[in-house]
Amino acid sequence: MTRVWKWNRPVTVREVLEDLQQERSIAYTTVMTVLDNLHQKGWVRREAEGRAYRYEAVSTRAAYAAALMNEAWSQSDNPAAALVAFFGMMSPQQREALSDAVRMVEAHEIPAPPAPENPDRADRAAENTGRAPENPDAQDGPAGR
């Protein structure tokens, strides 16, 4: 997913493969399988282009991160305690970003973006590539795939 988010446009298996091969050896079929799995799970849509497909992210990296946080928070038997623990793990910069976000929501009542149906499925897809999902706080965009 990180590579698809990085380009922010429809990509082919070959493009992802060539990008990944700059860092490590990987088979075309591996990349094809992961993109197909992501398609089956609803994380990417694909459009035929000749005998190949172009894959495009269905949701943004921000929506993915929000869905993960919401899923984790909703699993807690004590949501308030979970939030306190989470806030305690945040850096001062992250707390400031949280304060800014709360002010924006309160001022504008921004509707929540549509979240993927099952964020943990993307985690499993990322595991299949041998790498964890990227940090959603990265400023320059995805550094991985």
Side-chain angles (χ1 to χ4, degrees), residues 1-47 53-145:
M1 280 306 304
T2 303
R3 300 295 170 153
V4 177
W5 282 322
K6 173 182 162 184
W7 287 313
N8 197 28
R9 65 169 174 80
V11 296
T12 64
V13 171
R14 177 72 51 201
E15 289 172 319
V16 175
L17 174 72
E18 289 172 358
D19 195 30
L20 287 170
Q21 285 180 332
Q22 293 178 13
E23 298 170 13
R24 63 185 171 114
S25 178
I26 188 167
Y28 181 93
T29 54
T30 301
V31 176
M32 183 175 60
T33 299
V34 170
L35 285 169
D36 185 59
N37 288 343
L38 290 169
H39 175 257
Q40 289 178 24
K41 294 174 181 181
W43 282 92
V44 296
R45 63 171 104 8
R46 68 183 180 193
E47 209 169 295
Y53 289 106
R54 283 204 172 267
Y55 295 86
E56 182 176 23
V58 169
S59 70
T60 65
R61 177 184 287 277
Y64 169 75
L68 287 176
M69 290 185 284
N70 187 55
E71 176 70 20
W73 184 54
S74 68
Q75 296 294 320
S76 174
D77 59 351
N78 187 341
L83 284 173
V84 169
F86 178 63
F87 297 156
M89 295 177 201
M90 292 176 138
S91 69
Q93 295 84 7
Q94 290 171 320
R95 282 192 213 111
E96 184 61 31
L98 176 65
S99 295
D100 291 345
V102 168
R103 280 192 293 276
M104 286 174 29
V105 169
E106 288 174 344
H108 303 289
E109 289 302 316
I110 301 169
E117 291 181 28
N118 194 347
D120 67 320
R121 289 178 146 183
D123 287 342
R124 287 193 293 270
E127 289 169 6
N128 290 339
T129 65
R131 298 175 76 175
E134 291 293 322
N135 178 354
D137 293 331
Q139 296 296 319
D140 301 57
R145 284 177 217 3

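A distance of 9.5 Å separates OG1 in Thr60 from CG in Asn8, rounded to the nearest 0.5 Å. Expressed to the nearest 0.5 Å, how far NZ of Lys6 lies from CZ of Arg61 amounts to 11.0 Å. Going from atom CG of Asp19 over to atom CD of Gln21 covers 10.0 Å, rounded to the nearest 0.5 Å. Between atom CG of residue Asn70 and atom CD of residue Gln75 there is a gap of 10.0 Å, rounded to the nearest 0.5 Å.
In this structure, Trp5 and Trp43 have perpendicular ring planes: the angle between them is above 60°, well past the 30° mark.
The two residues Gln94 and Met90 have their closest heavy-atom pair at OE1-CA, 3.3 Å.
Taking 4.5 Å as the limit, some side-chain heavy atom of Glu15 sits within range of a side-chain heavy atom of Arg54. Annotation: side chain of Met1 is in contact with side chain of Val44 (closest heavy-atom distance under 4.5 Å).
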Only pairs under 3.5 Å count here: list side-chain donor-acceptor contacts from residues 77-87, not counting sequence neighbours, and write none if there are none.
| from | atom 1 | to | atom 2 | distance (Å) |
| --- | --- | --- | --- | --- |
| Asn78 | OD1 | Ala81 | N | 3.2 |

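Here Arg103 pairs with Glu96, Asp100 under the salt bridge (Lys or Arg N to Asp or Glu O under 4.0 Å) rule; sequence neighbours left out.
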Exercise. With side chain to side chain contact (heavy atoms under 4.5 Å, CB included) as the test, would you mind laying out the steps for Leu35 and Val4 before giving the verdict?
Key: CA-CA 10 Å; Leu35 285 169; Val4 177; 4.1 Å; yes

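Side chain of Arg46 to main chain of Tyr53: no donor-acceptor pair is present (N/O by atom type, distance under 3.5 Å, no hydrogens or angles).
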